[in-house]
Amino acid sequence: MSCHKSYITTPIYYVNDVAHIGHAYTTIIADTLARYARLIGEDTFFLTGTDEHGQKIQEAAKKRGKATQAYADEISAKFKTLWDEFDISYDKFIRTTDADHMAGVQKAFSVMYDKGDIYKDAYKGHYCISCETFFPETQLVDGEFCPDCGKSTSIVEEESYFFKLSAYQDKLLDWYKNSPDCILPKSKRNEVIRFVEGGLNDLSITRTSFDWGVKLPKSFNDPKHVMYVWLDALMNYVTALGYGTDEKNMDFWPARVHLIGKDILRFHAIYWPAFLMSLDLPLPKHIGAHGWWTRNGEKMSKSKGNVVNPKEVADAYGLENFRYFMLREVPFGGDGDFSQRALMDRINSDLGNDLGNLLNRLIGMSGKYFEGRVECDLVEKYYKEELDEVQVSLNKLEPMLFELQLHKYLEELWRPLTVANRAIDKYQPWSMIKEGKTDETMALNGLIATILAKVSLMLHAVMPKTTNTIVNALGFDIDPNSFEKIIRNGEKLEPFVTQKREPLFPRIEEQLLVEKKPEKEVKKESKKEEKKEPDNIALIGIDQFFETSLKIGTVVEAQEVKKSKKLLLLQVDIGEEKPRQVVAGIKESYSTEDILNTQVCVVANLKPAKLMGMKSEGMLLAAKDSDGLCLIRPEKPKSVGTPIS
Ligand code: MSP
């Protein structure tokens with residue numbers, strides 16, 4: 001078993017507001033990585049916490065008429081409670097108001113100063129309180145507004161200590177060049193390189209305009225200065241391990257990965273490594289920057305009333321289902337739009353149909369044919385091909401996880417489930433048993449159990465409790481030991497007896513959360529006279545149905561679309577003067593020969609669209625489940641252009 005050290009961190013969250021879905025996302029990704037690292041036997045330290053200093057926090061407390069520390073205590077406790085309710089497996093919850101953290105930051109300040117990297121000067125500049133950042137005039141929007149958050153900036157003139165960031169420009173560029181995956185996804189690394197190549201100014205790292213922050217070390221005898229919040233905050237990653245005080249956990253440094261949102265990449269990919277170089281500490285192995293969650297394509301904000309509360313979602317839909325959804329739904333680094341519909345689809349389809357049903361099918365078949373017994377001895381003899389196919393997918397998984405490609409990881413992890421479901425349909429155990437093929441039937445159940453066991457072990461970090469429930473039905477528990485045996489060594493499952501159980505993912509037919517509408521819209525709507533069906537029922541009248549023109553067509557030409565894995569370019573005769581050109585996403589299930597001269601159902605009155613630069617003048621009806629996609633076709637040949645009703 002490996003004895004690697006894995007140090008995994010989330011950003012520390014500002015205490016000027018309570019947690020929303022974006023915070024939950026970062027934390028869930030980090031928790032997944034930490035759980036996986038522990039499962040594979042790595043010595044793991046997972047850090048989260050709260051960022052409590054700075055003008056923004058001081059003002060937020062003042063606005064609510066509270067003492068700053070009391071206010072920080074209150075909000076910090078809310079974050080901690082939420083993460084506890086979310087079963088986040090953090091090893092330490094740091095607060096920047098912790099005495100040992102503050103001592104560590106002071107120590108770092110002295111070390112950097114002694115190194116010659118800090119000097120005192122005067123500063124005049126445009127400051128954004130919300131982002132706690134100075135911006136040069138050239139970067140302001142309309143000469144006043146913050147280029148990052150759009151809020152108004154103010155001119156701040158003060159004496160300040162500066163960090164010689166400019167001295168680290170070349171060293172930083174060397175780091176990006178020599179460690180191609182220091183910033184993930186890689187596309188983000190290029191953005192950082194371009195920024196640094198544009199030149200770095202020295203960084204003002206103390207403030208005198210407010211006092212809610214870490215003071216300079218006493219030896220500086222400069223009591224009006226407090227440290228810049230980003231210096232204070234970034235240092236948490238090492239003070240949490242004892243830097244500057246009790247350094248007993250410093251052997252976890254450097255971090256395996258700092259998980260952050262794309263909005264705070266500059267601080268992590270430029271300032272932080274420069275501070276570390278100044279402190280002669282090694283640099284983190286990866287900085288992973290994820291995208292933003294939006295709501296109906298818009299940024300979430302209180303004033304818009306569109307903030308998604310992660311606790312409400314988890315309570316309504318199930319915490320682990322929510323975890324799965326967040327990680328599966330968007331490619332790491334990309335933005336994602338939150339919708340209950342998409343969440344329900346993931347639960348009903350991926351979790352319910354593909355995973356939950358497979359366990360039900362196993363319990364059903366083993367109960368019916370073998371009084372619940374499942375044995376795996378003959379799986380390899382009868383189903384080697386399926387086992388090999390599963391192994392190909394399993395082998396790809398681990399690197400994807402540590403490259404933070406979590407959506408691909410989960411997509412790949414679902415392939416073995418497809419193999420299992422397909423095997424049942426192909427071998428038809430209900431016929432095999434009638435034909436007296438008892439061994440083959442038992443081995444098929446063994447194959448399904450093996451696949452469920454392996455998928456559960458690899459899914460455990462994402463859905464810890466659910467996967468334990470599954471493997472308990474297969475007679476074992478998930479721990480580093482069972483992982484080593486079943487995943488690493490490919491050992492067979494011990495014989496076991498299944499028992500009937502409640503379905504794991506009951507189907508969800510309707511949205512479970514009532515959407516709060518922003519006030520403006522509520523007012524607008526209450527003025528409307530006509531009653532509308534609620535969105536989640538979405539009933540339509542027959543007239544509306546007939547607005548869609550569906551026709552029978554025959555594919556008269558079929559070509560592959562180069563460089564596309566999914567698309568075929570078709571000419572479909574639907575009884576018009578000339579065939580319609582249809583670009584169809586069916587290549588994974590149909591070859592050009594399969595489809596040529598066959599009949600299809602075409603949506604004929606869609607507005608033409610462009611796909612990979614090619615005009616598409618219709619859409620084919622198809623159905624897709626875990627087995628793949630199949631076209632909907634007439635049962636008997638019909639003349640081209642026949643309307644479907
Ligand atoms: N305190 C700083 C981090 C200091 S780390 C040394 C901070 N805090 S924050 O509370 O504003 O944001 C914390 C994290 O939440 C960031 O990674 C940010 O990207 C993430 N998110 C905040 N809103 C988000 C979305 N709407 N969507 C996804 N994540 C977003 O920045």
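One-based numbering, in listed order, for ligands and for the atoms of each.
Using a 4.0 Å cut-off to heavy atoms of D51, the atoms of ligand 1 that qualify are 1 (N), 2 (C), 4 (C). Proximity to H20 (heavy-atom distance under 4.0 Å) selects the following atoms of ligand 1: 22 (C), 23 (N), 24 (C), 25 (C), 26 (N). Close contacts between ligand 1 and G291 involve ligand atoms 28 (C) [criterion: under 4.0 Å to a heavy atom]. Against a heavy-atom cut-off of under 4.0 Å, H290 is close to the following atoms of ligand 1: 28 (C), 29 (N). Listed by number with element, the atoms of ligand 1 under 4.0 Å from a non-hydrogen atom of A233 are 6 (C).
Side-chain contact check for T68 and Q58: no donor-acceptor pair (N or O, by modelled atom type) lies under 3.5 Å.
Nearest non-hydrogen protein atom to atom 30 (C) of ligand 1 is G22 CA, 3.9 Å. Nearest to atom 6 (C) of ligand 1 among the protein's heavy atoms is Y237 OH, 3.5 Å. Protein heavy atom nearest atom 25 (C) of ligand 1, with residue, atom name and distance: W292 CE3, 3.2 Å. Of all protein heavy atoms, the one closest to atom 11 (O) of ligand 1 is Y14 CD1, 3.3 Å.
The stretch residues 16-35 participates, sequence neighbours left out, in these ring pair (Phe, Tyr, Trp, His ring centres under 6.0 Å) pairs: Y13-H23, H20-H23, H23-F79, Y25-H290, Y25-W293. Listed by first then second residue, pairs satisfying ring pair (Phe, Tyr, Trp, His ring centres under 6.0 Å) with a partner in residues 111-133 read Y113-F220, Y119-F162, Y123-F134, Y123-F162, Y127-F134, not counting sequence neighbours.
At a threshold of 4.0 Å, the pair K285-D181 does not count as salt-bridged, since none of the basic side-chain nitrogens sits closer than that to a carboxylate oxygen.
Inclusion of H268 in the set of residues having an N or O under 3.5 Å from an N or O of ligand 1 is not warranted. Close N/O approach between I12 and ligand 1 is found [any backbone or side-chain N/O within under 3.5 Å]. Checked by distance only, ligand 1 and Y13 stay at 3.5 Å or farther apart across all their nitrogen or oxygen atoms.
Ranked by closest heavy atom to atom 12 (O) of ligand 1, the top entry among H53, H23, M235, K299 is H23. The heavy atom nearest to atom 31 (O) of ligand 1, considering only T96, I264, D263, V15, is found in I264.
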